[in-house]
Protein chains: 2
Amino acid sequence: MEQDMRTKLIEAATPLFAKRGFAAVSIRELAKAADVNVAAISYYFGGKEGLYTAVLEHQFAPIAEKQAWLAQNSPQSGEERLLLYAQAVPAVHGQRPFLIRFMHAEMINPTICFEAVVKKYITGLFLFLSRAIADGVAAGEFKPGINPGQAALSLAGILNFYFIAKPLAQSLLAGCSDQEFVEQSFRIYLDGIRRDDHA
Amino acid sequence: MEQDMRTKLIEAATPLFAKRGFAAVSIRELAKAADVNVAAISYYFGGKEGLYTAVLEHQFAPIAEKQAWLAQNSPQSGEERLLLYAQAVPAVHGQRPFLIRFMHAEMINPTICFEAVVKKYITGLFLFLSRAIADGVAAGEFKPGINPGQAALSLAGILNFYFIAKPLAQSLLAGCSDQEFVEQSFRIYLDGIRRDDHA
DNA sequence: ATCATTAAAACAAACGTTTAAATCAATCGT
DNA sequence: ACGATTGATTTAAACGTTTGTTTTAATGAT
């Protein structure tokens with residue numbers, strides 16, 4: 001089966017590319033990890049870059065779904081929309097534990113996939129958050145002085161940075177669940193942008 | 001002069017390593033960029049890894065200095081200590097524009113330098129923030145429920161994420177200065193952790 | 001018997017490093 | 001004061017590996 005081979009290679013390649021980066025992993029290593037012949041990579045993906053692109057698309061798939069869902073089933077208030085995002089963050093990272101590594105690797109050292117895959121989804125998320133905040137400011141939910149674009153980046157940062165620093169942080173933060181962290185961070189953020197006198 | 005050669009190589013290697021990663025840059029490329037012979041890398045740094053280590057140490061030097069200074073001249077209140085950090089963030093990124101890339105590259109794909117260089121400084125910063133927040137909670141400055149370790153990561157995230165996403169964000173955030181972003185983010189964060197009834 | 005798939009071998013190119021000769025600067029004996 | 005000599009630096013060439021890809025033959029199923 002063609003699909004078996006493709007998924008076998010993608011699944012074996014994902015942790016290798018994630019932990020060591022595209023350039024530092026050889027196709028022989030990938031083939032051995034997937035228990036296939038080296039030629040299979042060229043045969044099914046057209047080369048190392050093709051396999052990497054397939055891995056990246058598989059990683060970003062949950063974001064694409066979530067984004068499509070948000071575009072249709074988005075609630076009214078800014079706060080509710082931000083909450084949806086805050087809940088999606090640990091869910092997506094739980095579903096794709098390596099996604100954060102690929103996202104940051106692409107932001108720091110963009111490959112050819114950056115424009116087509118990464119930039120598209122990140123921009124979509126940014127616009128969703130930006131509009132939610134702008135609407136919230138306009139509706140009097142959030143402080144009037146808030147810059148929506150900057151505040152969108154702030155929220156993305158406060159929620160996602162933890163997942164990057166996690167391997168390093170786990171020795172420092174003894175026994176802290178993802179859920180716990182995201183809840184406290186989101187509470188801090190919301191308390192920070194909410195209008196003091198808002199009901 | 002030996003020092004001339006070393007700094008010439010380090011300065012030429014910094015943007016290459018930062019933008020493309022350690023594995024994706026060849027020593028011939030490094031030598032050409034620095035306008036020296038390939039053998040100079042082995043001669044002065046003992047090899048490619050030695051040059052990378054030297055680049056990394058040069059990048060982290062401002063953090064080391066700042067940390068040593070903080071250890072002695074640290075103010076009393078938690079809020080003042082957090083402010084010192086918030087002011088240091090854009091200053092350091094201004095002084096070392098590529099530092100954020102090296103830090104994240106090391107967190108995502110750790111090289112041999114990670115333990116010796118990166119982990120040390122990050123842990124130091126984390127402890128500084130953690131203690132500042134814990135003291136602030138104990139003193140009644142900050143909300144009683146706050147988990148200091150988690151909140152330390154939140155602050156690092158809300159302030160630093162912007163500098164990672166910057167190349168991507170600059171097309172979205174039209175005309176926003178680093179200073180502006182950090183000020184708003186820090187205000188949001190402080191308003192989020194400060195006790196509502198605190199003077 | 002035909003076609004798609006797998007396997008091993010071969011390919012040129014690029015890799016990091018080392019070698020050996022050339023160049024340079026400073027030191028020393030006269 | 002000056003050519004000889006020493007040691008450090010710089011260069012270009014060569015080293016053996018490893019890289020990604022392709023080829024060619026073997027195997028599989030229809």
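Proteins get letters first, then strands, A, B, ... in listed order; numbering begins at 1 in each. A quick note: this is a predicted structure, and the numbers were derived from the prediction, not measured.
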Legend entry - Ring center gap for A/Tyr52 and A/Phe17 short of 6.0 angstrom: yes
Inset, instruction - Give a yes or no on whether the ring-centroid distance for B/Tyr162 and B/Phe181 is below 6.0 angstrom. - result: yes
Checking [Y] against [X]: is there a side-chain donor and acceptor pair closer than 3.5 Å?
X        : Y        : result
B/Ser154 : A/Gln184 : no
A/Tyr43  : A/Asn37  : no
A/Ser185 : B/Gln150 : no

Legend entry - Phosphate OP1/OP2 of D/dT9 contacted by B/Tyr43 side-chain N/O (<4.0 Å): yes
Legend entry - Contact under 4.0 Å: B/Tyr44 side-chain N or O vs D/dT9 OP1/OP2: no
Check the distance between [N]'s [atom2] and [X]'s [atom1] and give it to me in whole angstrom.
X       : N      : atom1 : atom2 : value
B/Met5  : D/dT9  : CE    : C1'   : 8 Å
A/Lys32 : D/dT18 : NZ    : C1'   : 14 Å
B/Lys48 : D/dT18 : NZ    : C1'   : 13 Å
B/Asn37 : C/dA21 : CG    : P     : 16 Å
A/Ile41 : C/dA7  : CD1   : P     : 13 Å
B/Leu9  : D/dT9  : CG    : P     : 14 Å
A/Arg6  : C/dT5  : CZ    : P     : 12 Å

Distance in Å, [X] [atom1] paired with [Y] [atom2], rounded so as to fall on 0.5 Å steps:
X        : Y        : atom1 : atom2 : value
A/Arg101 : A/Glu106 : CZ    : CD    : 15.0 Å
B/Gln179 : B/Gln87  : CD    : CD    : 8.0 Å
B/Phe161 : B/His104 : CZ    : NE2   : 8.0 Å

Inset, instruction - Within residues 14-29 of chain B, find the residues that approach DNA chain C with a heavy atom at under 4.0 Å, and present them sorted by residue number. - result: B/Val25, B/Ser26, B/Ile27, B/Arg28
Legend entry - Nucleotide nearest B/Ser42 when distance is taken to its side chain, options C/dT17, D/dT10, D/dG20: C/dT17
Inset, instruction - Go through D/dT22, C/dT18, D/dT10 for me and flag the one nearest to the B/Ala39 side chain. - result: C/dT18
Inset, instruction - Find out whether the Lys NZ or Arg CZ of A/Lys48 is both under 6.0 angstrom from the six-membered ring centre of A/Phe22 and within 45° of the ring's axis. - result: yes
Inset, instruction - Please map the stems of DNA chain D, keeping only stretches of three or more Watson-Crick or G-U wobble pairs with both distances under 3.5 angstrom. - result: C:2-10 with D:21-29, C:12-30 with D:1-19
